Amino acid sequence: MIREKEKDLRVILDCDVLICGGGIAGVAAAIAAAREGAKVVLTEREYALGGLATLGLITIYLPMCDGLGHQAEYGLVEELLRLSIKHGAEKDCTKLFFEPHSEAERRVGPRLSAQFNPEFFALEMEKLLLELGVDIQYGTLVCGTVMKAGGKVDAVIVENKAERCAIRCKSVVDATGDSYVAQYAGAPQALYRSGNGLASWYYYLTGGQLSLRMYGLSDVMPGENQSSDSQDNDIDNVIAGSRRYHGLDGAELSRMVSDGHQYMLRDMLEHRESAPDFVPVTMSTIPLLRMTRRLVGAYEMDDGELGAAMSDSVGTFCDWRKRGPMYELPFRCLYSPAVPNLVVAGRNISVTDAMWDITRVIPVCAVSGQAAGTAAAMGDDFPALDVSRLQARLTAAGVRLHCGDILK
Ligand SMILES: Cc1cc2nc3c(=O)[nH]c(=O)nc-3n(C[C@H](O)[C@H](O)[C@H](O)COP(=O)(O)OP(=O)(O)OC[C@H]3O[C@@H](n4cnc5c(N)ncnc54)[C@H](O)[C@@H]3O)c2cc1C
């Protein structure tokens with residue numbers, strides 16, 4: 001053991017809303033909070049926005065319709081989908097919904113989804129945040145919290161290229177995917193004990209054609225949206241399907257990354273043997289982790305709550321894996337009474353393991369992000385927040401709160 005010397009830290013910024021993590025959930029939260037008039041700072045460990053969706057090359061915006069002819073998610077989730085394919089889609093399944101078509105046509109056609117270009121999407125998200133006045137702090141790792149009276153976060157400790165320092169805020173959105181702020185602040189947490197399978201996605205060029213190789217674990221809708229690559233998921237076979245990665249330990253994560261790299265290299269070389277013009281053009285640069293650690297909030301939602309009316313709903317969403325009824329997302333899944341000015345968004349919201357697989361995907365992360373950012377701009381005590389005011393703000397921003405609002 002080594003003891004680090006205590007030292008004073010410079011407070012580099014002071015804001016209303018601090019968003020930690022610039023994945024889809026953090027970006028949605030930042031847009032929502034900035035549009036509510038808050039002074040917003042967003043800290044991101046990497047040097048581009050989008051998290052898994054862009055740097056991880058998870059470039060598939062999974063369906064945001066119920067598969068029965070109804071769009072399931074509204075608000076920023078739709079704005080971000082449109083932004084992701086603004087300069088053209090790699091695969092576009094939006095036309096049935098974004099152009100006039102009957103419910104019957106939508107019911108039998110491909111579900112509302114798209115494959116986007118990660119570079120355009122990351123750069124367009126950054127442009128939008130800059131236009132909204134969001135202060136983006138890249139290369140800035142969240143590594144602690146300083147607490148104040150009432151169990152609230154006073155400041156978040158970060159490390160950037162220059163120094164270990166602090167950012168003071170009235171409220172915080174934890175959109176780190178791994179629930180880091182909640183962990184540092186002492187909020188109750190749950191781990192995903194089954195661990196994550198291995199995946200290493202990359203883009204390649206051959207015959208003048210750019211393609212995404214979803215090598216390893218992928219989220220493919222049964223019978224829909226499949227590419228030929230998604231059929232060939234042999235990493236799991238190669239490593240006997242037994243090695244799982246929890247994703248929170250430094251050494252284990254490094255092993256996960258280097259395992260993925262080495263299988264990916266072998267896969268690339270095999271392809272090059274059969275197609276000499278095969279060239280990899282870009283690879284995922286962050287670990288492809290689905291579920292690691294999450295908040296145990298005021299409420300844990302379960303996948304059995306299909307269609308259940310939630311009086312504190314902050315948005316609707318569907319199950320990407322199957323056609324069927326929708327869900328309503330309770331605001332109680334986004335906060336814990338233990339840390340009243342902290343709200344979570346994205347992969348780390350408070351749900352059961354069964355529900356986690358449904359809420360962790362890009363569209364649902366955008367839904368929880370918009371709700372979290374809007375709430376964060378409205379106050380610093382989420383258990384005491386007047387939810388009807390939050391719901392009114394979300395409705396004004398285009399969100400539909402209840403399944404009945406969509407199905408009527
Ligand atoms: C193999 C795989 C396949 C998938 N397939 C699909 C799919 O086809 N379609 C789909 O919709 N979803 C899919 N998903 C899920 C989806 O991509 C992610 O769950 C979603 O993008 C998560 O968004 P997020 O914003 O919650 O988290 P993330 O994208 O993880 O963003 C978190 C951000 O926080 C930053 N961060 C983390 N820790 C810190 C820190 N301490 N300080 C500062 N910044 C920090 C990270 O750099 C990152 O940018 C897949 C996931 C995996 C792993």
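Basis for what follows: all heavy atoms, side chains included, without hydrogens, waters or symmetry-related copies. The model shown is predicted, which means the values in this text are computed figures rather than measured ones. Just follow the structure's listing: the first ligand is 1, and inside any ligand the first atom is 1. The first residue of the sequence shown is numbered 1, and numbering continues consecutively from there.
In Trp320, neither the side chain nor the backbone holds a heavy atom less than 4.0 Å from any atom of ligand 1. Contacts between Ile58 and ligand 1 below 4.0 angstrom, taking non-hydrogen atoms only, involve the side chain exclusively.
Side-chain atoms of Asp178 and Thr292 include a donor-acceptor pair closer than 3.5 Å. A side-chain donor from one of Glu126 and Tyr138 sits under 3.5 Å from a side-chain acceptor of the other. Under the 3.5 Å distance criterion, with hydrogens and angles disregarded, a donor-acceptor pair is assigned to the side chains of Ser179 and Gln189.
Ligand 1 has Pro363 within reach: a non-hydrogen atom of the residue lies less than 4.0 Å from it.
When the side chain to side chain donor-acceptor pair (under 3.5 Å) test is applied to Asp66, the partners found at least two apart in sequence or on another chain are His70.
Summarising the contacts of atom 34 (O) of ligand 1 with Cys365, Gly21, Ala199, Cys20, the nearest heavy atom is found in Gly21. Checking Val361, Leu212, Val142 against atom 40 (C) of ligand 1, the nearest heavy atom belongs to Val142.
Looking at ligand 1, you'll find an N or O of Arg360 within less than 3.5 Å of one of its N or O atoms. Distances between N or O atoms of Leu141 and those of ligand 1 include no value under 3.5 Å.
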Apply side chain to side chain contact (heavy atoms under 4.5 Å, CB included) to residues Asp312 and Tyr299 and explain how you reach the verdict. CA-CA 11 Å; Asp312 62 337; Tyr299 188 69; over 6 Å; no
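For an aromatic pair to be called close, the ring centres must be under 6.0 Å apart, and Trp356 with Tyr192 satisfies this.
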